[in-house]
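Computed from a prediction, not measured in an experiment: that's the story for all the values here.
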Amino acid sequence: MSRKQISESNIQSEDAEEYIAELNHLDRYFADLIVNLVGRKHHELWMAAALASQAVQQRHVCLNLNSVANKKINLNAKGSKKLQCPHLEDWVSSLRNSEAVGSPGEYRPLIMDSANRLYLYRYWQYEKQVADFVISRIGCPTDKVNQEKLCQGIHRLFTKKNNQKTNWQAVAGLSAMKHRFVMITGGPGTGKTSTVVKILVLLLEHCKGLQLAVAAPTGKAAARLQESIRSIKNQIDCSSSIREILPTEATTIHRLLGASKGTTRYLFNKNHPLPYDVVVVDEASMIDLPLMAKLVEALKKQTRLILLGDVDQLSSVMSGTVLGQLCDKTAGAFFSKEFVDQAREVLGVTTELKTIETRNATLPDLVVTLNQSYRFKEGSGIDKFSREVNQGNAQPALTILLDRQLPDINWKETPNKIMLKDYLETIILEKGTKYLKATSIEEKWELFNQFQILCTHSKGIGGVETVNRLAENILERAGLIRPQGYWYEGQPILITQNDHHLKVFNGDIGLVFSAREDTRNKENILQAFFPLGSGQFRGIPLRQLPNHQTAYAITVHRSQGSEFDRILLVLPMYSSPLLTRELIYTAVTRARKGADIWGTQSILMEAIEQQVNRQSGLRDSLKKFQPDFFYKQ
């Protein structure tokens with residue numbers, strides 16, 4: 001059946017509610033394919049298939065029919081052609097009678113569950129794999145450990161003197177020792193990495209011969225995790241023999257699984273599992289559902305999985321919010337009576353551990369949230385503002401921005417392009433003069449890394465491309481840079497493609513600097529220098545660099561996992577679905593000492609009030625499984 005036939009047979013109703021959703025060619029082609037499979041005209045199936053395809057492209061895992069029934073959909077960008085979705089009861093009934101739609105557990109192109117969520121079969125399978133993994137780990141007993149030795153180890157590694165408050169890092173340590181799956185969450189600088197290194201020490205002290213792996217979703221995140229572990233391990237109170245076998249290399253999840261270029265298949269899978277006993281994954285909020293499914297599928301039945309992440313940060317750029325679904329931040333963390341008794345025995349103070357009072361609690365004992373930030377001070381402007389943003393409290397957040405008693409966070413109204421350009425010229429000259437006049441790469445990097453401009457979009461007024469172009473024009477007019485072609489001394493660059501051979505990764509930032517002087521023609525040879533940690537740098541010839549871009553400004557998405565002394569967040573002058581409280585929170589919490597936000601109050605408040613809400617059934621799948629041992633009284 002042609003798309004023309006479809007559109008003509010569903011005349012829009014003026015009293016139907018508008019559902020602003022343009023179907024692209026892929027959505028239409030998929031819907032045509034599904035209808036052709038059943039061999040007859042099926043308007044309800046066509047619309048359901050098209051919208052299910054669109055939902056995945058919009059980063060949902062499934063289509064919630066309840067939210068689109070009886071609404072209109074746009075067939076083109078102009079909105080001149082529209083279709084109206086059927087009433088819910090009629091639509092559900094029609095789909096359940098279709099040969100192309102199955103129930104969970106059946107093998108059909110589309111799967112619809114009891115809550116009227118419609119999945120592409122592959123995504124239903126991904127969600128089921130993750131749910132099955134979590135459920136299997138809940139009921140999987142851990143190896144018995146010496147309780148006295150465990151108590152001594154936790155107190156040695158975690159406990160601070162004269163601190164009567166609950167030590168959440170110690171609680172995380174106990175949970176990781178008692179379970180084969182645990183999630184350690186918390187904001188930036190709350191000590192997630194140091195906590196997991198101590199957990200690995202505990203595990204190695206109790207279980208000899210463990211094979212460990214540490215990974216992250218991106219190359220940049222893996223490199224930062226590796227650097228953090230190397231700096232922390234020498235400060236841990238453990239024997240030299242344990243310290244020597246702590247992992248010092250981190251990799252991406254794709255490399256861990258043995259990804260092959262040009263294919264979605266991996267070397268390690270359920271038939272060929274990873275050879276590790278413990279797998280740690282950092283920045284778990286960035287993991288999409290398909291990748292998480294591939295990861296858990298490749299783990300042995302006895303393998304422990306420890307996820308680290310911040311549920312308030314931006315989610316993955318692909319479908320799903322796995323960490324957010326597993327960690328129900330609206331309900332908070334709950335603990336079984338059995339775990340609370342164990343914590344009281346090992347840790348002493350457990351007054352802040354909330355025991356389970358309802359079977360609606362998701363994954364008791366398995367989620368531990370660290371709440372003390374070491375990146376910025378408690379009660380600072382950044383701290384207060386980020387908390388209000390997380391709660392969606394737009395007006396209180398704005399009040400904090402305007403409070404001159406909180407100098408570490410500031411607001412500047414920039415209602416037009418001319419004002420934005422004038423403000424940018426002032427700050428770019430101020431910051432650029434300092435680092436561009438430095439004479440060594442060490443000094444240049446230290447000064448440059450004190451400040452970073454963040455944008456919400458790549459294009460448009462206030463976007464990365466515009467701000468970078470303005471910055472170069474401003475600096476060139478001031479005589480601070482002298483571009484000869486594309487490259488120039490002091491140019492900041494952002495890598496946008498992984499290169500494992502050169503060991504530079506998507507998101508890495510470096511500076512162009514004179515490597516040496518050619519004695520024959522007396523010309524400076526420029527190279528791109530990237531920090532290795534501990535004051536060390538590595539130069540790479542410019543011609544060898546993978547894809548990259550100038551980086552006076554970068555997107556908030558690119559900044560995930562980074563930290564700077566001060567950031568400037570430039571908001572666009574228009575509404576956008578990308579503007580969410582998660583984006584604002586992620587941007588502001590990149591700063592250690594100060595943050596400035598430029599834009600209009602209406603756009604800022606709109607962003608804070610808008611939350612990422614991706615459709616998924618993962619949390620409901622887990623709530624259906626509530627083992628009795630969680631509720632022992």
Side-chain angles (χ1 to χ4, degrees), residues 412 414 416-441 443-497 504 506-515 523-531 539-559 562 564-573 587 590 596 598-599:
K412 189 166 285 186
T414 51
N416 55 58
K417 183 178 180 179
I418 295 175
M419 191 170 291
L420 173 63
K421 184 178 179 180
D422 290 342
Y423 288 157
L424 279 173
E425 183 165 7
T426 300
I427 198 164
I428 285 170
L429 286 176
E430 175 192 345
K431 303 296 183 181
T433 301
K434 293 179 181 179
Y435 98 85
L436 287 169
K437 289 188 175 181
T439 56
S440 67
I441 184 61
E443 186 181 6
K444 274 187 185 296
W445 177 257
E446 181 181 357
L447 292 170
F448 173 80
N449 201 44
Q450 291 176 358
F451 174 75
Q452 180 65 58
I453 300 175
L454 304 179
C455 302
T456 61
H457 293 66
S458 295
K459 301 182 182 297
I461 300 173
V464 165
E465 293 179 4
T466 301
V467 173
N468 278 325
R469 188 165 55 249
L470 282 171
E472 288 186 318
N473 291 339
I474 291 166
L475 295 172
E476 186 175 9
R477 288 200 309 269
L480 292 171
I481 61 173
R482 296 178 175 82
Q484 296 179 354
Y486 177 78
W487 302 105
Y488 54 88
E489 176 94 12
Q491 181 180 7
I493 59 170
L494 172 80
I495 299 297
T496 59
Q497 180 185 25
V504 290
N506 187 357
D508 283 352
I509 295 177
L511 291 176
V512 175
F513 189 69
S514 300
E523 290 183 358
N524 290 332
I525 305 299
L526 296 177
Q527 287 191 5
F529 284 83
F530 295 87
I540 298 176
L542 300 178
R543 65 180 180 276
Q544 294 183 19
L545 288 175
N547 293 343
H548 56 273
Q549 63 189 43
T550 302
Y552 293 103
I554 62 176
T555 63
V556 177
H557 282 82
R558 296 280 190 188
S559 75
S562 299
F564 310 93
D565 281 356
R566 194 170 194 96
I567 65 98
L568 163 61
L569 173 61
V570 180
L571 298 177
M573 298 175 186
R590 299 311 92 204
D596 298 280
W598 296 358

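Checked by atom type and distance alone, the side chain of Lys444 never pairs as donor or acceptor with a backbone atom of Thr439 at under 3.5 Å. Counting only distance, with no hydrogens or angles, the side chain of Asn468 and the backbone of Val464 share a donor-acceptor pair below 3.5 Å. The backbone N or O of Ser562 sits nowhere less than 3.5 Å from a side-chain atom of Ser559 that would complete a donor-acceptor pair. Panel note: side chain Glu489, backbone Ser514; a donor-acceptor pair is recorded below 3.5 Å. Judged by distance alone, the side chain of Gln452 and the main-chain N or O of Arg566 form no donor-acceptor pair under 3.5 Å.
In the displayed structure, Gln450 atom CD is contacted under 6.0 Å by more than 12 heavy atoms of other residues, nucleotides or ligands.
The structure places CD1 of Ile474 at 10.0 Å from CD1 of Ile481, a figure rounded to the nearest 0.5 Å. The line from CG of Leu480 to OG1 of Thr433 is 4.5 Å long, rounded to the nearest 0.5 Å. Considering CG of Leu526 and CH2 of Trp487, their distance stands at 9.0 Å, rounded to 0.5 Å. Rounding to the nearest 0.5 Å gives a distance of 10.0 Å between CD1 of Ile495 and CD1 of Ile509. Here the straight-line distance linking atom OG1 of Thr414 with atom CG of Leu571 works out to 7.5 Å at 0.5 Å rounding.
Counting heavy atoms from C-beta outward, Arg558 and Thr496 have side chains that approach closer than 4.5 Å. In this structure the side chain of Leu454 reaches within 4.5 angstrom of the side chain of Ile554, judged on heavy atoms. Under the 4.5 Å side-chain criterion, counting only non-hydrogen atoms from C-beta, Ile461 is not in contact with Asn416.
Residues Leu542 and Ala528 share a closest heavy-atom pair of CD2-N, 3.5 Å. Closest heavy-atom contact between Cys455 and Gly463: SG-C, 3.9 Å. Nearest heavy atoms, Thr466 versus Gly460: OG1-O, 3.0 Å.
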Apply side-chain contact (heavy atoms from CB on, under 4.5 Å) to the pair Met573 and Leu420, showing each step before the final yes or no. CA-CA 10 Å; Met573 298 175 186; Leu420 173 63; 4.1 Å; yes
What's the verdict on side-chain contact (heavy atoms from CB on, under 4.5 Å) for Arg590 and Leu569, showing C-alpha distance, side-chain angles and the deciding distance? CA-CA 10 Å; Arg590 299 311 92 204; Leu569 173 61; over 6 Å; no
Please step through side-chain contact (heavy atoms from CB on, under 4.5 Å) for the pair Tyr552 and Leu470, ending with a clear verdict. CA-CA 10 Å; Tyr552 293 103; Leu470 282 171; over 6 Å; no
Chi angles and distances behind the side-chain contact (heavy atoms from CB on, under 4.5 Å) call for Phe451, Asp565: CA-CA 6 Å; Phe451 174 75; Asp565 281 356; over 6 Å; no
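Every ring-ring contact (aromatic ring centres under 6.0 Å, His included) that Phe448 has, sequence neighbours left out, goes to Tyr435.
Using modelled atom types, one finds a donor on one side chain and an acceptor on the other under 3.5 Å when comparing Glu472 with Tyr488.
By the 6.0 Å and 45° rule, Lys412 stacks over the aromatic ring of Tyr423.
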